[in-house]
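Notes follow once the structure below has been shown.
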Amino acid sequence: MARIKIKEILKGELIDQTVTVKGWVRTFRNNSFIAVNDGSCIHNIQAVVNFETADPETLKRLTPGACIGITGKLIKSLGKGQTVEIVVSDIEIYGDAEADVSKPNSYPLQPKAHSLEYLREIAHLRFRTNVFGAVFRVRHTLAYAVHKFFNDKGFLYLHTPIITSSDAEGAGEMFRVTTLDPKAPPLTENNEVDFKQDFFGKATNLTVSGQLEGELGAMAFSDVYTFGPTFRAENSNTTRHLAEFWMIEPEMAFFDLKDNMALAEEMLKYVITYALENNKDDIEFLSQRLLDEEKNKPQADRSELSLLEKLNFCLGNEFAKITYTEAINILRESNHNKKKKFQYIIDGWGADLQSEHERYLVEKHFKKPVILTDYPKDIKSFYMRMNEDGKTVAAMDILFPGIGEIIGGSQREERLEKLEARMKDMHIPTEEMSWYLDTRRFGSCPHAGFGLGFERLVLFVTGMTNIRDVIAFPRTPNNCEF
RNA sequence: UCCCUCUUAGCUCAGCUGGUUAGAGCACAUGACUGUUAAUCAUGGGGUCCCUGGUUCGAGUCCAGGAGAGGGAGCCA
């Protein structure tokens with residue numbers, strides 16, 4: 001008999017029919033009620049077995065984590081708590097899971113609450129929990145929605161390289177890619193590692209951004225995006241940084257900064273809406289989980305809005321849009337600053353904003369997502385377009401409550417002389433980047449783009465607080481398990 | 001990389017100003033019960049108190065160093 005997924009069965013359309021489900025036991029209660037989950041949705045199906053007639057040896061093996069197949073008639077549930085249930089006529093056990101914790105290799109997930117830190121240590125099994133099941137279904141939906149959004153708008157999905165030889169992107173420390181013998185690498189006359197003898201005949205690294213290649217694509221296809229893994233060898237130990245993360249980077253010809261901002265806002269709202277529509281149960285579960293968690297906190301530390309309210313609020317309001325200069329003025333005039341409550345007091349113009357300032361703007365002042373634009377040129381990258389004032393560049397950062405910077409983008413400098421001058425100022429070798437400068441030499445055009453940290457988006461939509469909990473196998477300094 | 005906190009049973013934690021036999025809930029095992037909702041009830045087993053060294057008559061508790069984890073900062077997405 002063909003197996004049917006639990007998500008389908010719970011629709012209740014197959015009532016009075018014989019069905020087969022396959023999945024993993026969550027709990028086995030009262031020697032009668034098996035809760036089975038197959039990952040198709042947050043909910044379990046309840047299968048009722050008659051313990052008086054069933055084989056006692058089989059019943060003993062129905063422990064949490066065991067993989068089973070169940071065949072039986074789907075009926076309206078005789079109990080409360082679920083609409084339908086299966087009256088078991090046959091059980092097949094595909095794989096046992098040792099329940100006795102005194103034995104080695106017993107199943108580490110018990111029918112009880114586990115800490116996220118503990119589950120992180122068994123990341124290979126945490127998908128089998130409600131929380132991570134929900135998180136990764138939402139992650140999947142968001143990824144799909146990103147592709148759908150750009151495809152429907154006529155963007156081309158460009159696969160930018162993972163291994164690159166350019167180390168001038170300036171986005172962060174890079175991971176070296178080499179096949180040279182680490183103990184005895186070939187050396188040059190100057191006693192330096194001779195990368196001419198390396199696999200590619202030159203020094204290579206894992207990409208820190210697909211943006212520069214994305215710009216090449218935009219100069220031919222008009223609208224492109226990349227969505228792939230990105231690597232940063234920064235020694236960052238925070239709840240919002242990974243050494244390996246997934247980034248979405250659209251690049252659009254004939255877009256200025258305003259167009260760029262509008263697209264970013266539209267995309268964020270689109271994918272959040274898509275997740276709310278397609279993963280309603282998962283997000284409701286995650287929302288409830290946060291409420292339960294906050295019950296233990298003092299009133300003052302609880303969030304004003306639930307996760308669902310927060311998402312809907314974000315969808316229902318325009319993002320605040322202000323320039324860096326306006327932000328500095330708001331911060332300088334704030335009571336918070338006057339009472340010297342910031343660790344870094346705002347005084348002059350030109351310094352980068354600290355996390356506490358960004359949080360103040362988003363969480364206290366505007367109480368919604370904020371797009372900050374037109375930063376001082378000295379704190380931003382070489383490729384950002386110089387504004388008329390000669391002091392600021394056409395950059396934009398989108399700041400989200402609880403997350404901070406979720407998107408960084410800009411209108412790019414399309415004028416060859418200005419770009420070369422900037423690169424010279426910032427000591428970026430123009431010879432190596434000649435392929436990039438070719439876009440400005442041959443049919444240059446105004447264009448813009450941005451980078452969205454996918455995991456940060458997943459954090460926001462799931463209400464999780466540690467980025468290690470929204471990627472399957474997190475890579476962080478000193479950690480590359482699984 | 002810097003600052004702060006934590007590390008006690010399989011898991012989540014309690015353990016006071018150092019005091020002799022280290023506790024609870026859950027999980028697990030056995031039995032009972034049988035329409036449960038992380039079932040319930042009874043009984044039972046289970047500990048290198050992270051590691052190393054020190055102070056002390058005596059250290060889970062105090063001190064030093066180390067390891068691991070968490071939170072915050074910086075770098076950013």
Salt bridge (charged side-chain N to carboxylate O under 4.0 Å, His left out) partners of [X], counting only residues at least two apart:
X: K280(A); answer: E284(A)
X: D292(A); answer: K295(A)
X: E266(A); answer: K153(A)
X: K148(A); answer: D152(A)

If I pick the [atom1] atom on [M] and the same atom on [N], what distance separates them, to the nearest angstrom?
N: A9(B); M: C49(B); atom1: C1'; value: 10 Å
N: U5(B); M: G65(B); atom1: P; value: 13 Å
N: A22(B); M: U30(B); atom1: P; value: 28 Å
N: G60(B); M: G18(B); atom1: P; value: 13 Å
N: C16(B); M: A27(B); atom1: C1'; value: 29 Å
N: G10(B); M: C63(B); atom1: C1'; value: 33 Å
N: G70(B); M: A64(B); atom1: P; value: 24 Å
N: G68(B); M: A59(B); atom1: C1'; value: 22 Å

Q. Can F33(A) be said to stack with the base of U37(B), given centres closer than 5.5 angstrom and planes under 30 degrees apart?
A. no

Q. With centres under 5.5 Å and planes under 30° as the test, does F245(A) stack with A77(B)?
A.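 Stack criterion met.
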
Can you tell me how far [atom2] of [N] sits from [atom1] of [X], to the nearest Å?
X: N105(A); N: G10(B); atom1: CG; atom2: C1'; result: 13 Å
X: L268(A); N: A77(B); atom1: CG; atom2: P; result: 15 Å
X: Q82(A); N: U36(B); atom1: CD; atom2: C1'; result: 9 Å
X: Y375(A); N: C76(B); atom1: OH; atom2: C1'; result: 12 Å
X: L62(A); N: C28(B); atom1: CG; atom2: C1'; result: 17 Å
X: R26(A); N: A39(B); atom1: CZ; atom2: P; result: 12 Å
X: E358(A); N: A77(B); atom1: CD; atom2: C1'; result: 12 Å
X: I34(A); N: A39(B); atom1: CD1; atom2: P; result: 13 Å

Q: Let me have a per-nucleotide readout for nucleotides 69-74 of chain B, 5' to 3', with B, S or -, counting only protein heavy atoms under 4.0 Å.
A: -SSBBB

(Q) Within the 4.0 Å limit for protein heavy atoms, which parts of nucleotides 40-52 of chain B are touched? Write it as a string from 5' to 3', B for base, S for sugar-phosphate only, - for none. (A) -------------

**Q.** Over 12 non-hydrogen atoms of neighbours within 6.0 angstrom of OH in Y144(A)
**A.** no

Run the ring-centre check on [X] versus [Y] and record whether the distance is less than 6.0 Å.
X: F33(A); Y: F28(A); value: no
X: H147(A); Y: F149(A); value: no
X: F454(A); Y: F227(A); value: yes
X: Y375(A); Y: Y324(A); value: yes

Give one of base, sugar-phosphate or nothing for [X], where a contact means two heavy atoms less than 4.0 Å apart.
X: I406(A); answer: sugar-phosphate
X: L457(A); answer: nothing
X: F51(A); answer: base
X: E85(A); answer: base

Q. Is the shortest distance from a Lys or Arg side-chain nitrogen in E251(A) or R412(A) to a carboxylate oxygen in the other one below 4.0 Å?
A.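 Yes, this pair counts.
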
Q. Are any of the side-chain nitrogens in E57(A) or R61(A) under 4.0 Å away from the carboxylate oxygens of its partner?
A.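 No, E57(A) and R61(A) are not salt-bridged.
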
Considering only residues two or more places apart or on different chains, which pairs with a residue in [range] satisfy side chain to side chain donor-acceptor pair (under 3.5 Å)?
range: residues 102-126 of chain A; value: D100(A)-S102(A), R120(A)-D469(A), R126(A)-D469(A)
range: residues 471-482 of chain A; value: none
range: residues 355-372 of chain A; value: none

**Q.** With H336(A) via side-chain hydrogen bond (donor to acceptor under 3.5 Å, both in side chains) - residues at least two apart
**A.**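 So H336(A) forms no side-chain hydrogen bond (donor to acceptor under 3.5 Å, both in side chains) with any residue.
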
(Q) Which residue in the set K73(A), K76(A), Q46(A) passes side chain to side chain contact (heavy atoms under 4.5 Å, CB included) when paired with E85(A)? (A)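 Between E85(A) and the candidates, side chain to side chain contact (heavy atoms under 4.5 Å, CB included) is satisfied uniquely by Q46(A).
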
Q) Per the atom types in the model, does the base of U36(B) pair as donor or acceptor with the side chain of Q46(A) at under 3.5 Å? A)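 Such a pair is found, so the answer is yes.
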
Q) Where along residues 106-116 of chain A does a heavy atom come under 4.0 Å from RNA chain B, residue by residue in number order? A) Q110(A), P111(A), K112(A), A113(A), H114(A), S115(A)

Q | Whichever of K60(A) and F28(A) has its nearest RNA chain B nucleotide further upstream toward 5' | A | K60(A)

(Q) Stem list for RNA chain B, please, built from Watson-Crick and G-U wobble pairs under 3.5 Å and keeping only runs of at least 3. (A)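 Result, WC/G-U stems under 3.5 Å: B:1-7 with B:67-73, B:10-13 with B:23-26, B:28-32 with B:40-44, B:50-54 with B:62-66.
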
Q: Taking only the side-chain heavy atoms of D100(A) (C-beta and beyond), determine which of U36(B), A29(B), A77(B) contains the nearest atom.
A: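 Of all the options, the side chain of D100(A) is nearest to A29(B).
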
Q. Given A38(B), G35(B), U34(B), which nucleotide is nearest the side-chain atoms of T27(A)?
A.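 For T27(A), the side-chain atoms sit closest to A38(B).
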
(Q) Using OP1 and OP2 only, check whether a side-chain N or O of R29(A) sits under 4.0 Å from U36(B). (A)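 False: R29(A) side-chain N/O out of range (4.0 Å or more) of U36(B) OP1/OP2.
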
